[in-house]
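Sharing a structure, written as structure tokens. Questions coming.
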Amino acid sequence: MFYNHLKSLQKVLPIGSLIACFLSAGCVVYPELAEKGMKAPKSERCGDCHRDIYNEWKDSPHAHSFTNTAFKEETNTYQFAFCLGCHAPETIFTDKRIEPRSVNLAEGVNCNSCHLNDCKLSGPTAARGPHPIAEKNQFFRTSEMCGKCHVGTFRTWQGISTAEDKKTCQDCHMPAIKRKLIQDDPWQKIYPKREGKQHLFSFQTLFNQNEAPLQLSFKKVTHSDGKIEGSLELENKTIPHTVPTGDYGYREVVVTIELQDEKGQMRECKKESLFVEMKTALQYKEKRCIPFCFNSDGDSYSINATIIRTSFNKDTNILLAEAKYKL
Ligand code: HEC
Ligand code: HEC
Ligand code: HEC
Ligand code: HEC
Ligand code: HEC
């Protein structure tokens with residue numbers, strides 16, 4: 001209500017007056033954005049100003065961590081309070097176990113889950129805004145932060161020697177971008193563009209880069225006596241956790257090697273799955289060979305290999321890498 005009132009005030013008052021108020025004693029215009037308990041704000045409110053970040057977050061897995069079907073089913077429709085802590089938390093800034101929010105649970109891991117720190121909004125840089133902002137906090141730049149919930153993945157990351165040029169979770173899952181932090185008037189007029197991070201929490205964007213994090217290559221392929229033999233080498237070049245990774249949910253990655261005829265029709269096929277639980281996930285820097293042997297009847301062939309992250313019902317399939325061998 002207060003906020004809507006201000007919004008309409010903005011239309012009547014000159015833009016300058018709100019800004020002047022806030023720039024003079026650092027006056028906090030929206031204290032309710034840092035409320036806890038029943039008064040905790042919806043993340044939509046953050047999206048009024050931080051519009052780009054909000055739009056990225058709302059399509060991210062974090063925004064769906066409470067509503068996704070697998071979580072709903074596994075908790076027997078939200079009966080296990082223990083599970084809600086990491087899936088709809090009030091704030092990760094606690095020394096005790098992370099507690100769930102009292103309201104807006106459907107927002108899953110929302111803005112304040114990660115940014116509400118001791119009744120202020122906290123981030124990695126020194127900033128001045130119209131809501132309570134804490135001192136800059138370098139914790140936001142560390143893998144430990146993600147490790148508050150991604151416990152197993154973080155432990156694997158921690159186990160890798162720092163002598164190697166290992167990246168943080170944010171380096172890969174939150175790509176850098178230069179832009180304004182806010183897209184709403186009047187505030188956006190006084191804040192310049194700055195370095196920031198996209199809130200996609202995905203890995204799809206990584207595969208557009210030059211250096212493929214995962215690589216597939218064919219080794220020692222021979223073609224004689226009606227047989228095509230060889231092996232496919234998988235290499236986890238830069239991902240400082242296993243592929244797949246995670247402690248919860250269904251985690252499967254499928255490698256497919258397909259013999260194809262000229263028209264691209266499949267002749268023969270070999271599949272191998274990598275699972276976290278079976279300890280067959282591909283480790284950091286690991287190279288692994290999968291041998292294959294196909295029958296050939298003399299047509300021209302090619303061999304196609306893919307590695308795909310799949311889901312339990314095989315309805316979501318994300319291509320992680322591919323390779324082709326022309327015979
Ligand atoms: C408050 C707990 C919490 C924190 C902190 C957290 N995450 Fe998550 N994350 C989750 C949950 C829960 C899911 C599962 C969402 C789903 O798929 O339902 C998830 C999912 C993900 C996924 C997608 C996984 C998939 O299967 O596609 C990525 C990537 C990810 N998080 C990266 C990060 C990074 C990077 C950080 C640190 C900046 C981070 N997370 C911090 C709880 C958290
Ligand atoms: C009325 C506009 C407005 C709303 C609504 C708003 N913010 Fe902000 N916020 C700002 C401005 C302005 C800054 C300072 C921007 C700058 O320095 O470029 C800021 C800065 C921040 C920072 C500091 C980032 C850093 O530099 O480390 C965080 C974190 C933050 N906001 C989170 C939130 C969250 C979470 C919400 C919702 C609960 C929210 N904001 C709602 C305007 C807003
Ligand atoms: C899973 C945790 C997580 C969630 C959820 C999250 N953030 Fe962030 N946010 C971060 C981290 C980590 C950084 C700092 C990344 C870095 O600098 O490497 C950050 C940075 C920021 C910044 C500083 C500027 C920038 O672009 O880096 C703002 C502002 C911000 N977040 C606002 C929001 C808003 C608004 C939402 C909800 C729409 C949100 N965040 C949701 C973890 C989160
Ligand atoms: C070098 C870039 C890189 C870094 C650093 C990195 N990841 Fe990943 N991450 C990836 C790629 C690529 C994938 C997709 C392949 C896969 O499924 O493992 C992925 C997948 C994931 C997934 C989805 C689960 C899955 O296997 O499908 C989660 C969750 C995740 N990462 C969390 C983290 C966390 C937490 C950290 C920090 C401890 C981290 N990542 C560091 C590149 C990275
Ligand atoms: C310590 C924090 C934490 C707790 C507690 C937790 N989860 Fe999760 N959950 C995660 C994270 C992080 C992910 C993302 C994938 C991963 O790393 O396993 C996830 C992912 C999931 C997924 C996969 C969602 C998808 O999109 O496929 C399911 C299902 C799930 N959790 C169920 C549960 C259940 C059931 C409980 C209670 C027994 C629980 N979780 C407790 C952190 C947690």
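Numbers here are sequence positions counted from 1. As the structure lists them, so they are numbered: ligands from 1, and atoms in each ligand from 1. Just so you know, these numbers use all the heavy atoms, side chains as well, and skip hydrogens, waters and symmetry mates.
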Check Tyr30 against ligand 2 and report side chain, backbone, both or neither, counting heavy atoms closer than 4.0 Å. side chain
Which of the numbered atoms in ligand 2 are below 4.0 angstrom from a heavy atom of Arg45?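 Counting from 1, the qualifying ligand atoms are 5 (C).
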Applying a 4.0 Å heavy-atom criterion (strictly less than), which segment of Asp184 is in contact with ligand 2: side chain, backbone, both, or neither? neither
Could you identify the single nearest non-hydrogen protein atom to atom 27 (O) of ligand 1 and state the distance to 0.1 Å? Phe203 CE2, 4.1 Å
Atom 29 (C) of ligand 1: the protein heavy-atom neighbour that sits closest, reported with distance to 0.1 Å: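 For atom 29 (C) of ligand 1, the nearest protein heavy atom comes out as Phe201 O, 3.3 Å.
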Is the shortest heavy-atom distance from the side chain of Thr75 to the side chain of Tyr78 under 4.5 Å? yes
Any side-chain to backbone donor/acceptor pair from Arg101 onto Pro89? Under 3.5 Å, distance only.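 Checked: pair present.
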Under 4.0 Å to a heavy atom of Cys169 - the qualifying atoms of ligand 1, by number: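 In order of numbering, the contacting atoms are 35 (C).
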Between Leu121 and Leu116, is any pair of side-chain heavy atoms under 4.5 Å apart? yes
Nitrogen or oxygen atoms of Glu195 and ligand 3 under 3.5 Å apart: no
For atom 41 (C) of ligand 1, the option (of Cys146, Ser60, Cys83) bearing the nearest heavy atom: Cys146
Distance check, rounded to the nearest 0.5 Å: Tyr250 atom OH versus Arg309 atom CZ? 9.5 Å
Is the contact between Ile133 and ligand 2 made by the side chain, the backbone, both, or neither, using heavy atoms and a 4.0 Å cut-off? side chain
Considering only non-hydrogen protein atoms, determine which one is nearest to atom 32 (C) of ligand 3 and report residue, atom name and distance to 0.1 Å. His115 NE2, 3.7 Å
Option set Ile92, Asp171, Asn68, criterion heavy-atom distance to atom 18 (O) of ligand 1, minimum: Asn68
If you measure from each non-hydrogen atom of Trp57 to ligand 3, which part falls under 4.0 Å: side chain, backbone, both or neither?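 Under 4.0 Å from ligand 3, Trp57 contributes side-chain atoms alone.
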I want to confirm something. Looking only at heavy atoms, which of His173, His150, Arg251, His87 is nearest to atom 35 (C) of ligand 1?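 It is His173 whose heavy atom sits nearest to atom 35 (C) of ligand 1.
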Ring centroids only, cut at 6.0 angstrom: are Phe140 and His115 within range, meaning strictly under it? yes
Ser122 heavy atoms within 4.0 Å reach ligand 2 at atoms 29 (C)
Within the structure provided, determine whether Ile303 and Ile257 are in side-chain contact (heavy-atom separation under 4.5 Å). yes
Evaluating non-hydrogen atoms only, which member of Ala40, Ala127, Pro192, Cys46 is closest to atom 34 (C) of ligand 2?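 Selected option, by shortest heavy-atom distance: Cys46.
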When you measure from the side chain of Lys219 to the backbone N and O of Cys289, does any donor-acceptor pair fall under 3.5 Å? no
Which ligand 2 atoms are under 4.0 Å away from a heavy-atom of Ile182?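 Those qualifying, in numeric order: 10 (C), 12 (C), 42 (C).
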Give me the nearest non-hydrogen protein atom to atom 24 (C) of ligand 3 as residue plus atom name, then the distance to 0.1 Å. Leu181 CD2, 3.3 Å
Under 3.5 Å donor-acceptor, Asn112 side chain and Leu33 backbone: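 The answer is yes, because a donor-acceptor pair under 3.5 Å joins these two groups.
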Identify the protein heavy atom lying closest to atom 15 (C) of ligand 3, giving its residue, its atom name and the separation to 0.1 Å.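 Here the closest protein heavy atom is Lys197 CG, 3.6 Å.
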Which word best sums up how the rings of His87 and Phe71 line up, parallel for under 30°, tilted for 30 to 60°, or perpendicular for over 60°? parallel
Minimum side-chain heavy-atom gap Arg194-Leu181 below 4.5 Å: yes
Examine ligand 1 and decide if any of its atoms is less than 4.0 Å from a heavy atom belonging to Phe71.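 Under 4.0 Å: no for Phe71.
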Nearest-neighbour protein heavy atom for atom 12 (C) of ligand 3, which is reported as residue plus atom name and distance: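 Nearest neighbour among protein heavy atoms for atom 12 (C) of ligand 3, to 0.1 Å: Phe140 O, 3.3 Å.
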If the threshold is 4.0 Å, N to carboxylate O, is there a salt bridge linking Arg288 and Glu286? yes
Would Ala126 count as a polar contact of ligand 2, with the cut-off being nitrogen or oxygen pairs under 3.5 Å? no
Which of the atoms of ligand 1 are close to Pro89, meaning less than 4.0 Å from one of its heavy atoms?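 Those of ligand 1 that fall under 4.0 Å from Pro89 are 1 (C).
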What I want to find out is whether Glu56 reaches Arg179 closely enough, with some N-O distance under 4.0 Å, to be called a salt bridge. yes
Nearest neighbour of atom 28 (C) of ligand 2 from the list Arg179, Lys193, His131, Arg194, on a heavy-atom basis: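 Selected option, by shortest heavy-atom distance: His131.
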Could you check whether any side-chain N or O of Lys287 sits under 3.5 Å from a backbone N or O of Leu234, counting only pairs where one atom can act as donor and the other as acceptor? no
Check whether any N, O or S atom of His199 sits under 2.8 Å from atom 8 (Fe) of ligand 3.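 Given the 2.8 Å cut-off, His199 counts as a ligand of atom 8 (Fe) of ligand 3.
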Note the single closest protein heavy atom to atom 23 (C) of ligand 1, along with its residue, its atom name and the distance in Å.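 Nearest protein contact, heavy atoms only, for atom 23 (C) of ligand 1 is Pro61 CG, 3.5 Å.
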Show the atoms of ligand 1 that are less than 4.0 angstrom away from any heavy atom in Arg309.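 Under 4.0 Å from Arg309, ligand 1 has these atoms: 26 (O).
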Who's the nearest protein heavy-atom neighbour of atom 1 (C) of ligand 3, and how far? Cys114 SG, 2.8 Å
So which heavy atom in the protein is nearest atom 14 (C) of ligand 1, and how far is it from that ligand atom?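 The protein heavy atom lying closest is Ser65 CB, 4.1 Å.
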Of all the atoms in Cys111, is at least one N, O or S atom closer to atom 8 (Fe) of ligand 3 than 2.8 Å? no
Contact check: His62 to atom 8 (Fe) of ligand 1, N/O/S below 2.8 Å: yes
Where's the contact between Lys136 and ligand 3, heavy-atom distance under 4.0 Å: side chain, backbone, both or neither? neither
By number and element, which atoms of ligand 2 are closer than 4.0 Å to a non-hydrogen atom of Trp187? 1 (C), 2 (C)
Is Asn110 close to ligand 3, meaning an N/O of one under 3.5 Å from an N/O of the other?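 By distance alone, the answer is no.
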Point-to-point distance, once rounded to the nearest 0.5 Å, from SG of Cys83 to CD of Glu74: 8.5 Å
Nearest protein heavy atom to atom 17 (O) of ligand 3, by residue and atom, and its distance?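 Going by distance alone, atom 17 (O) of ligand 3 is nearest to Arg141 NE, 2.7 Å.
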Have a look at Cys49, Ala34, Pro130 and point out the one with the heavy atom closest to atom 11 (C) of ligand 2. Pro130
Is the closest heavy atom of Ser113 to ligand 1 under 4.0 Å? no
Decide yes or no on side chain to side chain contact (heavy atoms under 4.5 Å, CB included) for Asp52 and Gln183, but give the supporting numbers first. CA-CA 7 Å; Asp52 291 347; Gln183 289 75 33; 3.1 Å; yes
Correct closest heavy-atom pair for Leu216 and Ala321 would be CD1-O, 3.7 Å
Identity and distance of the protein heavy atom lying nearest atom 3 (C) of ligand 1: Cys149 SG, 2.7 Å
Examine Ile98 and Leu84 and state if one hydrophobic cluster contains both, with Ile, Leu, Val, Met, Phe, Trp and Tyr joined whenever side-chain heavy atoms are less than 4.5 Å apart.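 No, it is not one cluster - the side chains of Ile98 and Leu84 are not joined through contacts under 4.5 Å.
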Which bit of Met174 is near ligand 3, meaning a heavy atom under 4.0 Å away: side chain, backbone, both or neither?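 The part of Met174 near ligand 3 is the side chain, not the backbone.
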Do Tyr54 and Ser43 have side chains that get closer than 4.5 Å, going by heavy atoms?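 Yes. Closest side-chain heavy atoms under 4.5 Å.
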So is His50 polar-close to ligand 2, meaning N/O to N/O under 3.5 Å? yes
Enumerated ligand 3 atoms positioned under 4.0 Å from heavy atoms of Gln170: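 Near Gln170, the atoms of ligand 3 are 12 (C), 18 (O).
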